Each structure stands twice: as C-alpha cells, then as structure tokens.
Colleague: 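Have a look at the structure that comes next, please.
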Amino acid sequence: MISAKGAGPAFPEPPAVLELSEDSVSYIGSTKQASWLYRDHKPLGRADYAGASASGGRMGKVLHDEATASYFVEVDGKRWGPYAEASAPVFSANGRHWAFLAAKPTRAKERPFDTLIVNGRTAKLLPCGGCTLQVDDA
C-alpha cells in the first residue's frame, strides 16, 4: 500500500478495513499469526476482532468473548455490551456520527437484532434480521 505517508508492510491479503483521511491512513492487516491495526503504516496493536470499521480517524470494532458467548462493541475505546449478537459500527461520511445493531440474549434467531445504539444512546428499533444500517452526517 502506498500513500503520502510512504509504503506500508506487505500482507498476503488486502487490508480488512481501510480508512483514509486528509492527514492519515489506517488499516487492519493480517498475517497467518495475527491481525494488527496500523495508522500511517505503524502498528498500533493487535486487532483480533469479530468485525471492525473506521471513518474520519475513528475506529469501531466488535469483540467476541468465547467464554461467555457474548459480544461487545467498542467505538474509540469505549465499550458497550454484553450482547448476544452485534454488528460492526458504521460511521457517517464525516465520522461525527455512528451506530450499531445489537441483540439482547433473549432475541429469536430469525430476528436477531432488537437494539440500536446511535452516538452512544439507545434508539427505537423494531426487531429485524438481515437488516442494514446507514448513518448520515446530520
């Protein structure tokens, strides 16, 4: 990968998440041993997530606790959960707003999502399965 910040390390597969801004580049690169989060081609730490997203210099991720079969969502280092299921956070184009879908442990499998978190607050959501989420700048 080449940017105004120089060339990054070579990976066997393309980055899982790529976020470009006017002043930095962030991505998750994977080898057979581990996944790592890079910013401006410097490793920031391990990135073994169930899902991740980035925008405007912000990072969101889904973590799975195998011991409890629970999911947690982190946005910029702040954690929400536990949930029975969770989607990777999505960000508005300017990165100011974000949201994710989650499920309480009692949700039915055919409609797993029953919780919507927008900018850290719970919002109304009719239970859904196979649903998508978009966040705009407003």
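Being a predicted model, the structure only gives us computed values, none of them experimental.
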Colleague: Hey, what do you get for CD (E85) to OG1 (T115), rounding to the nearest 0.5 Å?
Modeller: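 Reported to 0.5 Å precision, the distance equals 12.0 Å.
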Colleague: Test of understanding: with side-chain hydrogen bond (donor to acceptor under 3.5 Å, both in side chains), list the residues that count as partners of T132, not counting sequence neighbours.
Modeller: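 Once residues adjacent in sequence are excluded, T132 has no partner under the side-chain hydrogen bond (donor to acceptor under 3.5 Å, both in side chains) criterion.
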Colleague: Once side chain to side chain contact (heavy atoms under 4.5 Å, CB included) is applied, do any residues pair with V135, and if so which ones, sequence neighbours excluded?
Modeller: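 Partners of V135 under the side chain to side chain contact (heavy atoms under 4.5 Å, CB included) test: V90, S92, H97, A99.
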Colleague: Keeping D76 on the side-chain end and M59 on the backbone end, is there a donor-acceptor pair under 3.5 Å?
Modeller: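 Checked: pair present.
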Colleague: Locate the shortest heavy-atom distance separating P112 from G129; write the atom from each residue and the value.
Modeller: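 The answer is CD-CA, 3.5 Å.
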Colleague: Quick one: side chain to side chain contact (heavy atoms under 4.5 Å, CB included) partners of A123, sequence neighbours excluded?
Modeller: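 With sequence neighbours excluded, A123 shows a side chain to side chain contact (heavy atoms under 4.5 Å, CB included) to L116, V118, given in chain and number order.
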Colleague: For the CG atom of L133 and the CZ atom of F113, what is their distance to the nearest 0.5 Å?
Modeller: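 Interatomic distance, L133 CG to F113 CZ, rounded to 0.5 Å: 9.5 Å.
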Colleague: Can you list everything that forms a side-chain hydrogen bond (donor to acceptor under 3.5 Å, both in side chains) with T122? Sequence neighbours excluded, please.
Modeller: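 If we apply the side-chain hydrogen bond (donor to acceptor under 3.5 Å, both in side chains) test to T122, skipping adjacent residues, there are no hits.
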Colleague: Going from NE2 on H64 to OH on Y83, what distance comes out if it is rounded to the nearest 0.5 angstrom?
Modeller: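 Spacing of NE2 (H64) from OH (Y83) equals 15.0 Å.
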Colleague: Among residues at least two apart in sequence or on other chains, which ones pass salt bridge (Lys or Arg N to Asp or Glu O under 4.0 Å) with E74?
Modeller: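 With neighbours one apart ignored, the set is K61, R79.
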Colleague: Working to the nearest 0.5 Å, report the span between CZ of R96 and CG of D137.
Modeller: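 Going from CZ on R96 over to CG on D137, the span is 7.0 Å.
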Colleague: Can L101 and L125 be said to form a side chain to side chain contact (heavy atoms under 4.5 Å, CB included), step by step?
Modeller: CA-CA 9 Å; L101 297 167; L125 175 72; 3.8 Å; yes
Colleague: ring-ring contact (aromatic ring centres under 6.0 Å, His included) with F11: which residues, sequence neighbours excluded?
Modeller: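 Expected list: Y38.
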Colleague: So does F72 get a backbone contact from the side chain of D65, meaning a donor-acceptor N/O pair under 3.5 Å?
Modeller: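 Checking the backbone N and O of F72 against the side chain of D65, no donor-acceptor pair under 3.5 Å is found.
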